[in-house]
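Contents: one structure, followed by commentary.
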Amino acid sequence: MQIKKLVAMPSRTGRHLQRYNKGFRQVVGCIPYRIRDTKKTHSIDDITLDDLEILLISSQKSARLMFPKGGWELDEDIELAASRETLEEAGVVGLLGEKLGEWIFKSKSQEKYHEGSMFPLYVTEELEVWPEKSLRHRVWMTVNEAREACAAVWMKEALDEFVCQFTCQSREVEVDEVPLTSCLLTSCGSEDLSFAIGAKTADKEVDCYLIS
């Protein structure tokens with residue numbers, strides 16, 4: 001399926017195709033990012049975290065900011081689900097990187113635990129029209145601003161994992177050909193990331209923990 005074909009379609013609703021794992025609803029999403037237009041060369045060694053911009057979107061029901069995510073359904077693989085949810089909610093398409101991890105988190109709206117997976121997405125196109133344009137607004141931020149603004153604790157940790165992926169790379173790539181998150185985690189393990197289980201957040205997604 002060409003992901004851009006979904007632009008003219010409404011966002012998926014309902015739970016009849018929803019995937020579950022040991023009773024946890026499975027959700028998947030992306031951390032969309034881009035490289036600021038600079039005069040630097042396209043060597044990965046020349047690009048720093050300060051050159052990155054991270055895309056966040058508002059919740060449907062409030063101004064809280066988060067990364068695009070939604071239910072993983074039975075008729076799609078996890079990569080397609082991540083790309084679809086990002087297009088539907090944030091109106092961007094791009095190149096998917098290595099999965100950042102899986103988290104268990106408690107949702108305020110349902111008072112149930114979900115299993116969330118996140119991917120980095122190097123944005124190659126920002127659409128003017130997308131399925132949830134009337135329901136959300138999107139904003140580009142620096143990495144530090146994004147971590148401060150993101151309302152969900154488990155998503156903050158996913159951003160930390162993305163930072164680890166980015167900073168561990170050393171080989172040169174062409175920015176317009178290969179996503180910057182194509183390497184596997186090396187020196188940054190999840191045990192190095194401080195994460196408060198049960199910490200209160202603006203999004204009330206608490207009792208979260210990394211499972212892989």
Side-chain angles (χ1 to χ4, degrees), residues 6 10-15 18 24-34 49 52-73 81-94 96 99-123 126-163 190 193-211:
L6 299 175
S11 296
R12 291 191 175 194
T13 58
R15 299 289 173 82
Q18 175 64 55
F24 297 134
R25 178 179 177 236
Q26 292 183 287
V27 300
V28 60
C30 288
I31 297 178
Y33 71 98
R34 67 186 181 187
L49 287 175
L52 300 186
E53 291 183 323
I54 307 295
L55 181 65
L56 291 94
I57 59 171
S58 63
S59 166
Q60 285 190 2
K61 299 179 181 179
S62 73
R64 296 193 307 269
L65 295 177
M66 62 193 67
F67 299 120
K69 66 103 173 75
W72 176 16
E73 301 194 342
S83 297
R84 174 182 58 77
E85 287 291 343
T86 303
L87 181 145
E88 289 178 351
E89 296 188 354
V92 293
V93 295
L96 214 62
K99 186 167 76 169
L100 297 168
E102 297 173 357
W103 289 263
I104 300 296
F105 67 95
K106 188 177 181 181
S107 172
K108 173 190 175 183
S109 61
Q110 298 176 330
E111 289 296 319
K112 294 181 180 180
Y113 285 95
H114 299 326
E115 178 183 290
S117 299
M118 294 294 287
F119 293 82
L121 182 88
Y122 174 57
V123 174
E126 188 172 355
L127 305 174
E128 293 298 323
V129 177
W130 68 96
E132 298 189 17
K133 179 177 181 178
S134 63
L135 302 174
R136 304 178 188 272
H137 72 269
R138 57 191 182 189
V139 56
W140 288 98
M141 297 183 173
T142 67
V143 172
N144 288 336
E145 288 171 343
R147 195 181 193 289
E148 181 69 21
C150 184
V153 176
W154 72 280
M155 289 185 173
K156 290 177 184 284
E157 185 167 351
L159 181 59
D160 288 340
E161 291 283 355
F162 168 72
V163 169
S190 60
L193 300 172
S194 57
F195 188 60
I197 296 176
K200 298 289 184 180
T201 72
D203 203 33
K204 304 299 183 184
E205 289 181 342
V206 299
D207 297 342
C208 319
Y209 55 93
L210 179 70
I211 60 176

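Qualifying side chain to side chain contact (heavy atoms under 4.5 Å, CB included) partners for Arg138, counting only residues two or more places apart in sequence or in other chains: Leu55, Ile57, Val92, Glu126, Trp130.
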For a side chain to side chain contact (heavy atoms under 4.5 Å, CB included) check, start with the C-alpha distance between Ser83 and Val93, then their side-chain angles and the critical distance, and finish with the verdict.
CA-CA 7 Å; Ser83 297; Val93 295; over 6 Å; no
If you apply the rule side chain to side chain contact (heavy atoms under 4.5 Å, CB included), what do you find for Trp72 with Val27, and how did you get there?
CA-CA 5 Å; Trp72 176 16; Val27 300; over 6 Å; no
In sequence, state the C-alpha distance, the side-chain angles, and the governing distance for Val123 and Trp140, and then conclude on side chain to side chain contact (heavy atoms under 4.5 Å, CB included).
CA-CA 12 Å; Val123 174; Trp140 288 98; 3.9 Å; yes
Stepwise, does the side chain to side chain contact (heavy atoms under 4.5 Å, CB included) test hold for Ile54 with Ile31?
CA-CA 7 Å; Ile54 307 295; Ile31 297 178; 3.9 Å; yes
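Under a 4.0 Å N-O distance rule, the pair Arg34/Glu53 qualifies as a salt bridge. In this structure, Arg136 pairs ionically with Glu89, as a charged nitrogen and a carboxylate oxygen lie closer than 4.0 Å.
Side-chain N or O atoms of Glu85 include none that pairs as donor or acceptor with a backbone N or O of Val28 at under 3.5 Å. Of the possible polar contacts, none joining the Lys106 side chain to the Tyr113 backbone as a donor-acceptor pair under 3.5 Å is found. No side-chain donor-acceptor contact under 3.5 Å links Lys112 to the backbone of Ser107.
In terms of heavy atoms, Pro68 sits closest to Ala90 at CG-CB, 4.1 Å. Between Met66 and Ser59, the shortest heavy-atom contact is CE-CB, 3.6 Å. Residues Tyr33 and Pro120 approach most closely at CE2-CB, 4.1 Å, considering heavy atoms. Minimum heavy-atom separation, Pro32 to Thr86: CG-CG2, 4.1 Å.
How far CZ of Phe162 is from CG of Leu52: 5.0 Å, rounded to the nearest 0.5 Å. Atoms CE and CG, on Met141 and Leu56 in that order, are 5.5 Å from each other to the nearest 0.5 Å. Between the CG atom of Leu65 and the NE2 atom of His137 there is a distance of 5.0 Å, given to the nearest 0.5 Å. The CD atom of Glu132 sits 9.5 Å away from the OG atom of Ser58 when rounded to the nearest 0.5 Å. To the nearest 0.5 Å, atom NZ of residue Lys99 and atom OG of residue Ser117 are 4.0 Å apart. With rounding to the nearest 0.5 Å, the separation of SG in Cys150 from NZ in Lys156 is 5.5 Å.
A ring-ring contact (aromatic ring centres under 6.0 Å, His included) with His114 is found for exactly one of Phe24, Phe105, Trp154, namely Phe105.
Using a 4.5 Å heavy-atom cutoff, the side chains of Trp103 and Val153 are not in contact. Looking at heavy atoms from C-beta onward, Leu87 lies in side-chain contact with Pro131 at the 4.5 angstrom threshold. Annotation: side chain of Glu102 is not in contact with side chain of Met118 (no heavy-atom distance under 4.5 Å).
The number of heavy atoms from other shown groups lying within 6.0 Å of CD (Gln60) is above 12.
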